[in-house]
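Side-chain atoms are counted along with the backbone in the values below, which use heavy atoms only and exclude waters and symmetry mates.
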Amino acid sequence: MRREEISLTKLHSLLIEAAETERRMPPAFVKQKYVNWPDSAPELDWLAYADPTARIGLGKATANQISRYDLMLNNVLGMPDASDRKLLWATAHSAAFRSRGPKWAKLSRFLRCDRRTVKRRYEKALIRLYYKFKK
């Protein structure tokens, strides 16, 4: 991706995609459990259908998603102000997999200030990230 083509909305979308990619990645420390089940054909027809209470997890992250995740992570971590880094990443995780955007009220409780203040600080931090990204 060429850096000249970036806009604030594209940068916001990349930040949210990076948070979604981070959720798709496997955890850092996983205890491996080994379970062996013998293969057997179902004896009854109702056993051949999937369990309706089974939950389907997220798919694995692709190589392009991981590349964009790495790009955004390096840029966010390169910001000089720690509060900007914390706000950008918390907002991205709040907006991940949501069509309505970030949960400003939840973020305001986390940061102990008004939701409008959180949104304004996020916009300013995003603009600072935009100019850092353009360099």
Side-chain angles (χ1 to χ4, degrees):
M1 174 189 322
R2 292 187 354 206
R3 292 184 181 218
E4 296 85 27
E5 297 173 359
I6 199 77
S7 66
L8 281 175
T9 55
K10 179 72 174 167
L11 190 63
H12 173 74
S13 300
L14 283 172
L15 194 60
I16 292 172
E17 182 188 358
E20 290 174 355
T21 302
E22 187 174 65
R23 288 191 186 174
R24 289 177 185 272
M25 289 194 201
F29 300 102
V30 178
K31 287 186 176 181
Q32 186 68 25
K33 295 181 181 179
Y34 296 102
V35 178
N36 293 323
W37 289 95
D39 291 335
S40 62
E43 298 167 0
L44 302 174
D45 289 339
W46 62 271
L47 288 175
Y49 294 105
D51 183 19
T53 60
R55 294 184 58 202
I56 299 173
L58 295 174
K60 294 181 180 179
T62 64
N64 289 335
Q65 288 174 330
I66 293 174
S67 297
R68 289 188 297 268
Y69 166 75
D70 189 41
L71 174 71
M72 289 307 297
L73 188 63
N74 288 333
N75 281 303
V76 169
L77 288 177
M79 294 193 66
D81 191 10
S83 63
D84 283 351
R85 293 191 300 262
K86 181 179 175 181
L87 178 63
L88 286 169
W89 211 243
T91 305
H93 273 281
S94 173
F97 299 111
R98 276 180 53 103
S99 60
R100 295 184 62 191
K103 299 177 186 175
W104 297 113
K106 188 174 183 179
L107 287 168
S108 68
R109 287 189 300 274
F110 178 67
L111 298 172
R112 295 187 176 98
C113 58
D114 188 55
R115 60 183 167 78
R116 293 169 292 216
T117 306
V118 172
K119 187 173 182 178
R120 188 171 53 248
R121 285 183 188 170
Y122 172 73
E123 289 169 352
K124 288 179 182 178
L126 192 65
I127 290 171
R128 284 191 285 272
L129 179 65
Y130 171 77
Y131 283 118
K132 182 193 174 309
F133 199 86
K134 290 291 262 190
K135 288 183 182 179

With sequence neighbours excluded, give me every ring-ring contact (aromatic ring centres under 6.0 Å, His included) pair touching residues 69-92. Trp89-His93
Identify, with sequence neighbours excluded, every residue that meets side-chain contact (heavy atoms from CB on, under 4.5 Å) alongside Asp114. Arg116, Thr117
Kindly write out the residues that satisfy side chain to side chain donor-acceptor pair (under 3.5 Å) with Thr9, not counting sequence neighbours, or none if the list is empty. Ser7
Would you mind listing every side-chain hydrogen bond (donor to acceptor under 3.5 Å, both in side chains) that reaches into residues 95-112, with sequence neighbours excluded? none
Is it true that a side-chain atom of Arg85 and a backbone atom of Met79 form a donor plus acceptor pair closer than 3.5 Å? yes
Which residues pass the side chain to side chain donor-acceptor pair (under 3.5 Å) test with Ser67, sequence neighbours left out? none
Taken in chain and number order and not counting sequence neighbours, the residues that satisfy side chain to side chain donor-acceptor pair (under 3.5 Å) with Asn64 are none
side-chain contact (heavy atoms from CB on, under 4.5 Å) involving Ala125 - partner list, sequence neighbours excluded: Asp84, Leu88, Arg128
What residues form a side chain to side chain donor-acceptor pair (under 3.5 Å) with Glu123, not counting sequence neighbours? none
Could you pull out all residues at least two apart from Leu11 that satisfy side-chain contact (heavy atoms from CB on, under 4.5 Å)? Ile6, Met72, Leu126, Leu129, Tyr130, Phe133
Is a donor on one side and an acceptor on the other found under 3.5 Å between the side chain of Asp70 and the backbone of Ile66? no
What heavy-atom pair brings Tyr122 and Leu87 nearest, and what distance separates the two atoms? N-CD2, 3.3 Å
Partners of Gln65 by side-chain contact (heavy atoms from CB on, under 4.5 Å), sequence neighbours excluded? Glu17, Thr21, Arg24, Ala61, Thr62, Arg68
